[in-house]
Amino acid sequence: MKNIESKLTESRSYKPSESFEKKANITKEILFELNSQYKKNPDIFWGELAKKHIDWIEEFKTVCSGSAPFFRWFEEGKLNVSSNCLDRHINKNKKAIIHISEDNNKTVITYDELYVLVNNFSHSLKELGLVKGDRVIIYMPTIPEAITAMLACARLGVIHSIVFAGFSSESLKDRINDCNAKIVITVNAFKRNGKIIEAKNTVDHALSLGCPSIEKCIIYKNINENTKFNKDKDLWWHDILAKESIVVEPEIMSSEDLLFILYTSGSTGKPKGIVHSSAGYLLNCILTNKWVFDLKDDDLFWCTADIGWITGHSYVVYGPLATGSTILIYDGAPTYPKADRFWEIIEANKVTIFYTAPTAIRTLMKLGEHLPKKYNLNSLRLLGTVGEPINPKAWIWYQSNIGGKKCPIVDTWWQTETGANMIAPIPGATQTIPGTCTHPLPGIDVDIVDDDGNSINKRNQGGNLVIRKPWPSMLRGIWNDEERYKQTYWEKYNNKYYITGDTARLDNNGNIWIMGRSDDVVNVSGHRLGTMEIESAIVSHEYVAESAVVSYQHEIKGEAIHAFVTLKNNFTEYNNTEFAKELREWVKEKIGSIAKPERISFSDSLPKTRSGKIMRRLLRNLARGEDISGDTSTLENENILAQLKNIL
Ligand code: WT7
């Protein structure tokens, strides 16, 4: 293959401050030590960490067994994930959850209280006949009861699958049927942007479309709102919950027993049920919370992800709770009732660690820096980002306006499939540069290879990002679809590497730069370019808030670039034709003529998944004049497609 060319240069870099370094969980010396231990002997490295950080009922004998694409970790080990998240933290009077609702009600739940809630709810689930290995769908917003439900399943060895509460009944039905769930747990309704969303109605509709495996629907009364109640199937959470405290012995689980299924959208066809195991998943969650987020006893960690995404699983629930930390959860919209909601919550609760997505940062940036300026954000000591490449402009904005120039930023690269952070800075040890997720974590062996699987040794040449060695929290497969698992992640390189589907390059200092998804690479006059760099150049213009680029067939160039652009609020009145010209010149100046977009379209927003990722696949259809194809069930803002069709 022709390599992917890189045009981006970024010279700003930041060392950890001395004061941060001094108190950090992982210093340069410890990092060096961890990396050399792994190199010496991966099995001893992972084995010792697993013994130290997990409470085992029975210890394992082997560390990693099996061969690609099927690996097993800590095989003979016995544990229970919910005990690791709860039982070992009780009687310490420690807060587990601070919940803020959209209406600004605050609830504080200690580990002792959460322990009682989870035990009692486990008891209810058990009474309904659920046993180890059964599947349960959780269709709830990020509220304490959703976390209770997750941990109660884990206590019984029941496999949970959370479906983001914004998904339609059709998507919900597909996921229920794919895993043959017996029970769905939901809320009567919840509020988002001040509007009432009747989640239970969506469940009813999904069930009416045909979900033969569902026996019962448990409804948590989340807000005061009337709900249709079907006597045959429905149960109220408060009716089945024991009034007195009942202890449920945690099920003795094997390391490799499944903990959860989480559906992620495939680019075409039906969603994939990514499957995660118990011990391996838990270990990488614990380690990355300590290493990357530097979590300590007195921290208040706010990860804004919904529990419906992997980030919510690993950095709201399992990682922080297994380390005995205190988390903040907020189940409202980021800009409701006012655009400064996030900053208000940070100030009022003295959040110390804040983890969010580039899409949120760009949205808040678009609204202006006067908003965070009104608040004292001094409690923050560490910021994180995940989900997409963060363009340097947004990184710098985040660092100056939210982090007060004193907080390290951890740009964490990982996937639903990897379970936990894979490439990320260690905040007390790594020098950061805006736009790069820096280096792989200890124990993670990544490479950048060409289409034949050879390492690309040349710096700043892009290629396919792969992981060469198994790691504990790797996916164990796709639910009920072994073929698809092999084909998607392993086939291209004959089981030699795990294929991430991303493209990346190494810079002169060995930092990894994610360049976008392999499917999104554009090919202009024989030059292959990643989307991230062109988008980043466009977004670096003062007027621009967001951009996505795709390619379409062009007589002369083979493919040409079509850029979709949204402007910052105060610049939307600008003359588009004039500005498109200016922007073309801007890109030429920043990257070179080769990356100059042939066409530029301006719109109010871009089509995104419900987790905030730009869906370039749909933009590609539009730019090429094709019908929209493939799965659109994850699309968040459907009317944007109509708007875009109109202007093209
Ligand atoms: C894809 C995985 C992992 C939690 C949230 C998303 C992109 C993720 C970064 C980052 C550049 C990133 C990749 C990856 N991605 N983090 N820090 N820099 N790109 O999980 O929905 O499974 O998506 O998100 O393309 O493959 P996901």
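Ligands are counted one by one from 1 in listed order, and the atoms in each one are counted from 1 as well.
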Closest by any non-hydrogen atom to atom 25 (O) of ligand 1: pick that one out of Val386, Asp411, Asp502. Asp502
Any N/O of Thr311 closer than 3.5 Å to an N/O of ligand 1? no
Side-chain donor-acceptor pair under 3.5 Å between Asn460 and Ser6, yes or no? no
Residue portion contacting ligand 1 (non-hydrogen atoms closer than 4.0 Å) for Glu388: backbone
Would you say the side chain of Arg175 lies within less than 4.5 Å of the side chain of Pro271, judging by non-hydrogen atoms? yes
At a non-hydrogen distance cut-off of under 4.0 Å, which region of Cys437 contacts ligand 1 (side chain, backbone, both, or neither)? neither
Using only heavy-atom distances, determine whether the side chains of Tyr315 and Thr288 contain a donor-acceptor pair under 3.5 Å. yes
Could you tell me whether the side chains of Thr634 and Thr609 share a donor-acceptor contact shorter than 3.5 Å? no
Side chain, backbone, both or neither: the part of Ile310 lying under 4.0 Å from ligand 1 by heavy atom: side chain
To atom 2 (C) of ligand 1, the nearest of Trp414, Trp513, Trp413 on a heavy-atom basis is Trp414
For ligand 1, is there an N or O atom under 3.5 Å from any N or O atom of Thr264? no
Would you check whether Lys613 reaches within less than 4.0 Å of ligand 1, judged by its heavy atoms? yes
I'd like to check whether Arg517 has a polar contact with ligand 1, where a contact means an N/O of the residue lying under 3.5 Å from an N/O of the ligand. yes
Minimum non-hydrogen distance to atom 7 (C) of ligand 1, winning option of Ser314, Gly612, Gly387, Ala504: Gly387
Kindly confirm or rule out an N or O of Thr412 lying under 3.5 angstrom from an N or O of ligand 1. yes
Would you call Arg381-Asp294 a salt bridge at under 4.0 Å N-O? yes
